[in-house]
Amino acid sequence: MSFFLTRLTLVTLALVQFAATTFAGPLDDHYLQQFGEARSGVLQKALLSVSSVAPQTHRCGMPHKNSLSRDWNLLEPTTQKVLAKQLTAPSLSGPELTLLSTSGRFLIHYTTSGGDAVPSVTWVQTVANTFDDVAEEYLRRGWNLAPTIGGKAYDIYMRNMVGIVIGGEFGTYYGVVTAPPNSSFAVPSTAFPNAYASYMEIDKDFLNRDFTNPPSGNTYTPLQSLQITAAHEYHHAIQYGYNYYFEIWYAEATSTWYEDELYDSVNQLYSYISKYLVKAATYSIDMPKDGGSEYGRWILNRYLAEQYDPLIPGVMIRSVWEKLGGLNSSNASDIRTIPVLDSVISAKEGRSFSKDFFSFAKRIYMRDWTTHLLEKNLIPSYTTVAEYSSYPVNSSTIQAPSVTLPHYSFAYYKFTPASGASPLTITISKNSGIQTAAFRKSTIGGITEITADSSGNSYTDNTFSSASEVVLLIANTSDTNNLQANFSTDASTPVVPDPVVPAASSGGGGGCFIATAAYGSYLHPQVQLLRQFRDNQLLTNAPGRAFVALYYRCSPPLADFIARHPVLRSVTRTLLTPVVMAVVHPAAAGAGALLTVIVLYRPVRRRFFERGALTVPT
Amino acid sequence: MQVYHICISTLVTMVKTLNIFLALLLCSALPASAAGTRPTAAWTYYHFDGTAFVAGPAVDGSPFIAIRKKAQPVVLTTQTTPPEQTTLPDGTGVIAGICYQQGGGGKLGGGSRYHVYPHVPLQISSGGRQFVTVQTDDHGYFVAVLPAGLYSVGSGPLTVKITVESGSTTLIPLRTGKRMVD
């Protein structure tokens with residue numbers, strides 16, 4: 001009986017296995033064939049199964065995707081892995097047609113019906129040709145092209161991008177590049193371990209007024225919009241191929257900069273610069289995306305290219321991306337670009353990102369750009385934080401001659417001549433990490449840099465009355481936030497106390513070492529709370545800054561020791577609790593502490609003095 | 001005799017100083033000890049600013065999260081009434097946060113920096129195996145009560161590793177994607 005049951009079980013299992021392979025196989029083959037994946041080397045079984053089936057073109061993508069979604073759980077895991085990208089790819093409004101570009105590098109997906117309908121197949125061919133040109137140019141400039149899964153052609157979907165919702169926001173978009181964060185899009189290599197494949201959506205025709213007459217006021221033909229979109233978006237695809245964890249600001253700055261390198265005559269990118277310049281004193285160069293200012297920050301790349309690659313623009317910028325490509329992320333966060341920039345720039349003798357940022361800030365005023373000279377007038381003029389025309393300028397002036405700057409930011413102040421104000425002497429007191437320069441513009445527009453005195457903190461223009469303007473540049477050329485500078489024209493400049501916090505703790509990225517060790521995570525809310533207390537309370541005054549500086553000098557080894565001992569972590573957390581409580585409820589904590597001292601003082605005193613432990617002679 | 005008085009006087013001053021020091025020490029140790037055994041009195045509020053959680057309720061009316069030691073966090077839309085407390089089981093902590101897609105760019109409209117994902121499942125793994133799946137709420141927030149330990153949250157390149165501490169809530173802004181818009 002036992003033998004019979006064992007045999008029965010084995011036969012049943014064999015039948016189940018047979019049924020699974022019999023029925024699952026054709027379904028897998030069907031979808032693999034429909035989505036053009038049947039030739040994948042990964043799926044030898046499927047490839048054998050469909051060898052006798054005539055190949056079909058993608059005629060009706062949307063229904064296939066709907067069916068695929070419905071039958072997803074019936075597919076084998078290997079098939080799911082290959083077809084996962086099909087569920088994330090966009091669906092078009094009508095039957096999906098495809099056109100392979102001449103080079104074979106791009107597969108253009110389009111439709112001729114519904115809201116996504118293209119104006120003509122000729123336009124689709126123009127799209128394909130434009131992307132071929134762009135890819136060829138990037139290749140010529142030494143870039144790796146955007147990776148694709150299995151080395152297939154890069155997918156570009158032409159669809160209506162006017163008045164649609166992307167990322168929950170209604171708007172009009174030139175294009176979108178998506179790298180779905182799942183393993184089927186990962187294309188790691190030794191040089192680029194965090195490389196991801198992507199796909200792109202672009203507007204179907206760029207005919208809408210939003211493209212031809214954007215708010216910048218200039219007009220653009222559909223072909224021009226296509227060209228800069230291809231240059232811009234395809235570089236994003238390349239960026240995902242270098243490292244998924246890039247920072248968005250530098251991705252946009254690089255893509256936008258390349259618009260002009262590849263299509264010099266379109267010049268749309270100049271309209272974005274002012275969005276950055278008006279914020280240059282309050283936001284860091286590497287602040288996250290912010291209302292379009294990230295596009296304007298391409299001008300930093302113009303400076304870097306002129307500084308380092310006058311003949312073949314972009315070698316330095318490519319080196320930055322190559323360096324970034326080899327780095328790993330810390331717990332899935334984006335990798336900061338500035339240290340990478342600094343690392344690449346510092347390979348040049350005597351250079352650093354700090355020096356270059358200062359030179360870049362100067363160039364914004366000096367306008368001594370050395371490339372694209374015919375377009376120099378398209379670069380907006382510098383933006384001032386304050387302008388002075390009555391003197392002296394000192395701490396009682398309404399527009400305070402004082403500035404606190406975040407890391408890698410700069411501020412301009414303008415002085416125009418007034419009777420009795422000549423000569424003009426500007427005296428500055430500043431934190432280390434701040435660099436300053438002063439410029440004199442003559443009435444005919446010539447600009448000269450005013451030499452500082454021997455202290456480096458005073459600039460004098462003896463012929464101020466005959467100048468058009470004198471301009472003071474104050475730049476935070478360090479990675480430390482909240483650096484301060486004061487100035488005056490009557491030598492009454494209040495002294496700025498020297499800070500401060502080590503670079504490692506700035507940029508919003510620094511931690512309270514001991515608290516982080518005790519709570520186990522930089523993201524722990526108590527740690528965040530202490531960090532905010534540091535930034536918003538302690539760093540705003542001299543004693544607080546001194547305390548923070550002392551803390552950062554002493555705490556790292558202690559934190560390291562605490563982190564390695566669970567008991568100490570618990571003890572430290574307990575000891576930190578009243579500190580956290582005091583931060584959350586300062587008034588209550590103060591009152592509580594006072595009350596406790598009063599309550600405890602008497603018993604403790606009684607213990608020592610009234611029980612005869614110690615008597616005081618009278 | 002005079003020297004004796006001076007010595008005694010100095011000693012008394014030292015004892016008084018020690019007296020005050022002891023009082024201050026007790027003053028800080030008592031609440032610390034109390035906090036170790038029962039929930040702290042107040043809720044602390046955090047809101048998501050597009051990149052990280054920052055202290056305080058959101059000023060634009062968007063949801064925010066209230067956390068408290070040894071209590072389950074609560075997602076709120078207003079601060080008018082204090083949230084009801086659900087005490088955490090012993091030996092457990094909380095991972096809470098928001099699921100969002102990071103967006104870059106937006107040439108014509110500025111574009112938002114992120115888009116939250118309501119009603120999506122979120123995998124939490126431990127030791128390489130899926131431990132639990134939680135679902136985000138209407139506002140993209142999630143709360144998971146877990147035994148203390150090390151967990152992976154999310155999937156693919158955006159998986160983050162989080163240590164759950166007993167009795168504590170760890171807030172995570174969890175990216176579920178990164179898309180370059182324009």
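Keep in mind that this is a model prediction, so the values were computed, not measured. Lettering follows sequence order; numbering is per chain, from 1.
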Is the side chain of A:His236 donor-acceptor paired with the backbone N or O of B:Arg179 at a distance under 3.5 Å, no angle test?
no
More than 12 heavy atoms of other residues, nucleotides or ligands under 6.0 Å from CD of B:Gln130: is that the case?
yes
A:Asn331 (side chain) donor-acceptor with B:Lys161 (main chain) under 3.5 angstrom
yes
Whatever's closer than 4.5 Å to a heavy atom in chain B on A:Asp334 counts as both
State the CZ-CG distance between A:Phe211 and B:Leu108, to the nearest 0.5 angstrom.
6.5 Å
Counting distance only, does the side-chain N/O of A:Tyr245 pair as donor-acceptor with the main-chain N or O of B:Pro157 below 3.5 Å?
yes
With a 4.5 angstrom heavy-atom cut-off, is it the side chain or the backbone of B:Ser152 that approaches chain A, or both, or neither?
neither
Separation between CG (B:Asp182) and CE (A:Met161), nearest 0.5 Å, reads 7.0 Å
Quick one: pull up CE in B:Met180 and CZ in A:Phe246 and give me the separation to the nearest 0.5 Å.
5.0 Å
Distance-minimising heavy-atom pair for B:Thr159 and A:Ala332
O-CB, 3.2 Å
Heavy-atom distance under 4.5 Å to chain B: side chain of A:Gln268, backbone, both or neither?
side chain
From A:Asn182 CG over to B:Thr176 OG1, what is the distance, rounded to the nearest 0.5 angstrom?
12.0 Å
For A:Tyr272, is the NZ or CZ atom of B:Lys107 found under 6.0 angstrom from the centre of its six-membered ring and inside 45 degrees of the ring axis?
no
